[in-house]
Number of protein chains: 2
Amino acid sequence: MAERLVVIGGDAAGMSAASQARRRRGPDDLEIVAFERGTCTSFSACGIPYWVGGQVDEVGKLVSRDPATFRDTYRIDVRTRHEVVAIDLERREVVVRDLGGGGRTVRERFDQLVYAAGSVPITPDWARTDALGVFGLQTLDDGAALLSWLERDPRPHRAVVVGGGYIGVEMAEAMMQRGLSVTLVERSPEPMSTVDPDMGALVRQTLCELGLDVRSGVRVVGLRSRDGRVVGVETEAGTLPADVVVLGLGVRPNTALAAEAGLPLGPTGAIRVDLRMRVPGIPGVWAAGDCVESVHRVSGQPVNVPLGTHANKQGRVAGINIGGGYATFAGVVGTAVTRVCGLEVGRTGLRERDAAAAGFEFVTARVESTSRAGYFPGAKPMTVKLLAERQSGRLLGAQIVGHSEAAKRIDVLAVAIWNEMTVDDMANLDLGYAPPYAPVWDPVLVAARRAAEALR
Amino acid sequence: MAERLVVIGGDAAGMSAASQARRRRGPDDLEIVAFERGTCTSFSACGIPYWVGGQVDEVGKLVSRDPATFRDTYRIDVRTRHEVVAIDLERREVVVRDLGGGGRTVRERFDQLVYAAGSVPITPDWARTDALGVFGLQTLDDGAALLSWLERDPRPHRAVVVGGGYIGVEMAEAMMQRGLSVTLVERSPEPMSTVDPDMGALVRQTLCELGLDVRSGVRVVGLRSRDGRVVGVETEAGTLPADVVVLGLGVRPNTALAAEAGLPLGPTGAIRVDLRMRVPGIPGVWAAGDCVESVHRVSGQPVNVPLGTHANKQGRVAGINIGGGYATFAGVVGTAVTRVCGLEVGRTGLRERDAAAAGFEFVTARVESTSRAGYFPGAKPMTVKLLAERQSGRLLGAQIVGHSEAAKRIDVLAVAIWNEMTVDDMANLDLGYAPPYAPVWDPVLVAARRAAEALR
């Protein structure tokens with residue numbers, strides 16, 4: 001009899017695991033069933049702001065593989081609108097509610113289980129409301145609901161986005177592109193707290209220049225509604241009128257079900273896994289994606305980094321191992337890139353606060369340079385900031401803010417961090433030079449030199 | 001009495017050395033004299049094609065620092081139109097001809113000498129001609145002469161560019177931008193022999209689609225002229241009519257003077273230097289830039305890579321050491337990027353022929369991917385090729401051809417090579433992901449995975 005693999009969650013991590021397992025083991029050897037609470041599989045949540053903003057014209061483009069493809073091509077039994085409501089490790093069964101079938105539940109047997117339930121939006125008490133016009137942005141259905149609200153009479157004109165992280169700023173841009181007047185509220189002193197405040201200030205400045213009303217250092221305390229529609233966001237600094245409110249307050253790992261079943265959670269609140277994405281101490285149970293902890297290769301600490309790129313890699317690792325192969329997930333260095341209103345933001349490694357918390361003594365260096373040779377048309381300013389360990393000179397973190405060809409330069413620094421390079425050695429790097437692509441000293445090299453000088 | 005530093009060559013390497021030495025030692029401690037055969041200092045030769053093509057509107061923009069700035073701000077006695085014609089190591093003097101002063105020569109004493117004479121264009125016998133309309137492209141004067149020829153009656157309409165390396169393809173593009181009909185002749189089977197032929201074929205295809213007449217695998221044997229003007233390029237496959245001919249046949253290190261004086265040349269024909277850019281065995285003599293050998297960090301062999309980015313770094317290293325500091329040049333990995341007709345080409349490490357010559361046994365992997373998430377507007381195709389050592393899996397070389405956001409991705413691979421990463425480990429890298437910048441699996445990661453599979 002075929003072994004049976006049950007996958008909880010039909011997005012990046014879960015479906016990568018299922019596909020990789022299938023690639024190595026045929027349907028006669030391994031039966032695969034995937035349960036997805038929503039209506040679609042393997043969609044790009046990261047693409048939602050661009051769909052809302054109108055740059056991606058059709059929602060279907062955000063779905064990389066639909067359930068039918070998984071069923072027909074991969075022989076994976078994907079059941080959408082099915083929510084797993086309990087995991088019975090004793091009997092090796094999951095309890096599944098059919099959301100489309102009147103909510104009845106069935107029990108389904110498993111030999112192997114992949115827990116890939118993703119994340120859930122952080123929703124403070126003040127944000128829980130029955131008023132219309134308030135939106136999170138996690139699923140394609142959320143995006144569709146927002147879009148339909150924007151086209152409904154009376155047409156919303158004033159948007160307030162709560163949260164200045166990357167989803168927040170991307171959504172603020174999207175709403176501006178839809179012609180709304182947009183206010184962004186962020187509790188921290190600067191938006192984009194994924195970078196240090198001095199770099200966040202550069203982001204705020206650009207956003208303001210582009211017509212976005214940025215209120216940073218402002219705490220939201222409530223929503224105001226009238227006749228069942230949202231009309232404002234209440235903050236400690238007064239009420240902001242709003243016809244539509246978008247919540248971008250971040251996510252937390254979706255672990256309720258896992259915790260109930262006794263899967264071990266780590267200090268971040270996410271599920272602990274080993275290098276092969278096995279849940280330690282529970283044979284045959286795997287976890288991957290936004291709901292798990294990863295090792296941060298610089299701090300050595302567990303972190304929870306909900307990003308599609310990690311979810312894909314981790315799911316793939318689990319799937320290869322379930323399929324009888326060998327693969328490990330090597331950890332993260334905290335790389336992330338964002339584009340907002342023509343501004344590019346990249347980061348990798350540790351911010352100042354992370355480095356301090358991890359116990360590092362460090363120096364910082366910040367340089368202004370340009371994306372191309374100064375004389376080349378289209379050369380744009382770029383700011384690069386580096387953190388280096390004081391004793392060793394090892395690169396600990398890097399941040400880039402620029403107007404073009406900036407964000408992906410962070411990859412060079414991510415690879416340098418991955419290899420524990422010192423800023424001294426980095427200044428020697430043989431990076432590509434040609435006038436359309438870089439000044440003769442690439443901004444990354446200039447920053448490395450400056451950091452090396454700061455160490456002396 | 002102040003020590004006296006003489007610099008031969010007033011471009012990137014020489015003036016970087018002079019500036020760095022000056023930064024550490026004042027004029028009372030170190031007198032600095034720099035002799036430059038041409039009329040200007042520290043100009044961007046790499047920028048000439050963009051000036052000829054009209055993208056850079058003013059030649060002055062290509063000069064990063066002029067002689068007056070060096071004299072006034074740096075207290076460096078720059079003498080342009082002065083050619084050093086002999087080095088007398090015995091008496092620690094150079095013999096200098098004043099090209100502007102009737103050609104009289106003087107002897108100038110030195111304590112320290114930096115040899116930074118750069119490179120000279122390769123000019124086969126057939127290319128030596130008195131006919132007007134034939135141009136090399138090494139100095140700003142060359143560029144000015146070409147531009148004035150293009151505007152002279154009778155106006156040239158047909159250009160032939162000889163040589164399909166990066167200067168050749170860049171110049172071909174520049175001439176097309178000037179409205180000429182352009183033929184590119186290259187002896188090798190494909191243009192851009194800085195990449196493997198299979199990647200060069202992609203370049204040829206794009207160039208042809210854009211209206212460039214590419215004749216690859218064709219050997220030039222002579223020039224044809226009438227009434228003192230060039231009228232054609234003779235090849236083994238017939239004569240190509242031409243009103244203007246641009247020679248882009250590469251350069252060789254300018255070492256005649258050095259060799260005469262007894263400076264040691266290595267197997268590449270360039271000057272041997274140690275890690276600090278000292279000429280071994282000759283105290284107080286340094287060399288840097290296009291005229292020296294560097295260690296290739298992958299093959300371990302000496303190479304001569306005439307690129308502004310290395311010249312700047314090497315000059316800086318020499319200058320720091322002359323100034324009493326400590327710096328070394330860490331070698332190269334062969335990174336280069338080019339843009340031609342909207343196509344981006346990047347390379348690093350070893351090509352197939354280099355890897356074979358170095359003694360490596362290797363596998364290759366080539367993948368097609370896109371610059372951005374497939375659904376994101378502006379996503380463009382990109383081809384990534386990797387070479388990995390068969391036994392160890394170590395990355396040996398990489399090449400990228402794409403239509404946007406392609407070339408500088410080579411830097412990620414250059415840093416991976418620098419750190420001797422295996423393709424297996426590279427597939428784990430935490431690279432920036434967001435829909436405007438990359439698919440969820442960056443093309444570099446896809447290529448690394450494919451190479452890792454090729455090893456098994």
Side-chain angles (χ1 to χ4, degrees), chain A residues 12 44 46-47 50 55-56 58 61-62 64 166 297 307-310 312-313 328-339 344 346 348 373-377 405 407-412 414-416 418-419 421 425 427-438 440-442 444-445, chain B residues 12 44 46-47 50 55-56 58 61-62 64 166 297 307-310 312-313 328-339 344 346 348 373-377 405 407-412 414-416 418-419 421 425 427-438 440-442 444-445:
Chain A
S44 171
C46 330
Y50 307 103
Q55 290 179 276
V56 175
E58 199 198 314
K61 292 183 178 172
L62 299 185
S64 65
Y166 62 92
R297 292 172 65 103
L307 273 183
T309 182
H310 302 318
N312 270 284
K313 285 198 190 104
T328 60
F329 184 71
V332 303
V333 295
T335 312
V337 289
T338 316
R339 195 178 78 172
E344 304 197 353
T348 187
Y375 60 79
F376 200 87
E405 295 135 31
K408 276 294 260 182
R409 269 184 164 90
I410 206 71
D411 284 352
V412 170
V415 182
W418 191 275
N419 289 286
M421 289 187 82
D425 197 16
N428 294 322
L429 282 169
D430 185 358
L431 303 182
Y433 162 64
Y437 299 122
V440 71
W441 288 97
D442 191 278
V444 166
L445 299 177
Chain B
S44 172
C46 330
Y50 307 103
Q55 291 178 275
V56 175
E58 200 198 313
K61 293 184 178 172
L62 299 186
S64 66
Y166 62 92
R297 292 173 64 103
L307 273 183
T309 182
H310 302 319
N312 270 285
K313 285 196 190 108
T328 59
F329 183 71
V332 303
V333 295
T335 312
V337 290
T338 317
R339 194 178 77 172
E344 304 197 355
T348 188
Y375 59 80
F376 200 86
E405 296 135 32
K408 276 294 261 183
R409 269 185 163 90
I410 205 72
D411 284 351
V412 170
V415 183
W418 191 276
N419 289 286
M421 289 187 82
D425 197 17
N428 294 324
L429 281 169
D430 184 359
L431 303 182
Y433 162 63
Y437 300 122
V440 72
W441 288 96
D442 191 277
V444 166
L445 299 177

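In what follows, every chain begins at residue 1, and chains take the letters A, B, ... in the order their sequences are listed.
- Among the candidates L307(B), I410(B), V332(B), V444(B), the residue making the largest number of heavy-atom pairs closer than 4.5 Å to chain A is V332(B).
- A heavy-atom distance below 4.5 Å is not found between the side chains of Y50(B) and P377(A).
- Taking D425(B), V337(B), V333(B) one by one and counting their heavy-atom pairs under 4.5 Å with chain A, the maximum is reached by V337(B).
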Test log, rule side-chain contact (heavy atoms from CB on, under 4.5 Å), inputs N428(A) and W418(B): CA-CA 10 Å; N428(A) 294 322; W418(B) 191 276; 3.7 Å; yes
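- A distance of 8.5 Å separates CG in L445(B) from CG in D411(A), rounded to the nearest 0.5 Å.
- When each of P435(B), G47(B), A434(B), S64(B) is checked for heavy-atom pairs under 4.5 Å with chain A, P435(B) comes out on top.
- If you take NZ on K408(A) and NZ on K408(B), they are separated by 13.5 Å, rounding to the nearest 0.5 Å.
- Chain A forms more heavy-atom pairs under 4.5 Å with one residue of A414(B), A407(B), P436(B) than with any other, namely P436(B).
- Both the backbone and the side chain of E344(B) have a heavy atom closer than 4.5 Å to some heavy atom of chain A.
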Residue pair T309(A), L431(B): steps toward the side-chain contact (heavy atoms from CB on, under 4.5 Å) verdict: CA-CA 8 Å; T309(A) 182; L431(B) 303 182; over 6 Å; no
Test log, rule side-chain contact (heavy atoms from CB on, under 4.5 Å), inputs F376(B) and K61(A): CA-CA 9 Å; F376(B) 200 86; K61(A) 292 183 178 172; over 6 Å; no
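- The part of T328(A) that comes within reach of chain B is its backbone (N, CA, C, O), which places non-hydrogen atoms under 4.5 angstrom from that chain.
- Proximity to chain A (any heavy atom under 4.5 Å) is shown, for A12(B), by neither the backbone nor the side chain.
- S44(B) contributes atom OG, which lies 3.5 Å from atom OH of Y433(A) (distance to the nearest 0.5 angstrom).
- Contact between V415(A) and M421(B) at its shortest, heavy atoms only, is CG1-SD, 4.0 Å.
- Taking 4.0 Å as the cut-off between side-chain N and carboxylate O, D430(B) and R297(A) do not count as a salt-bridged pair.
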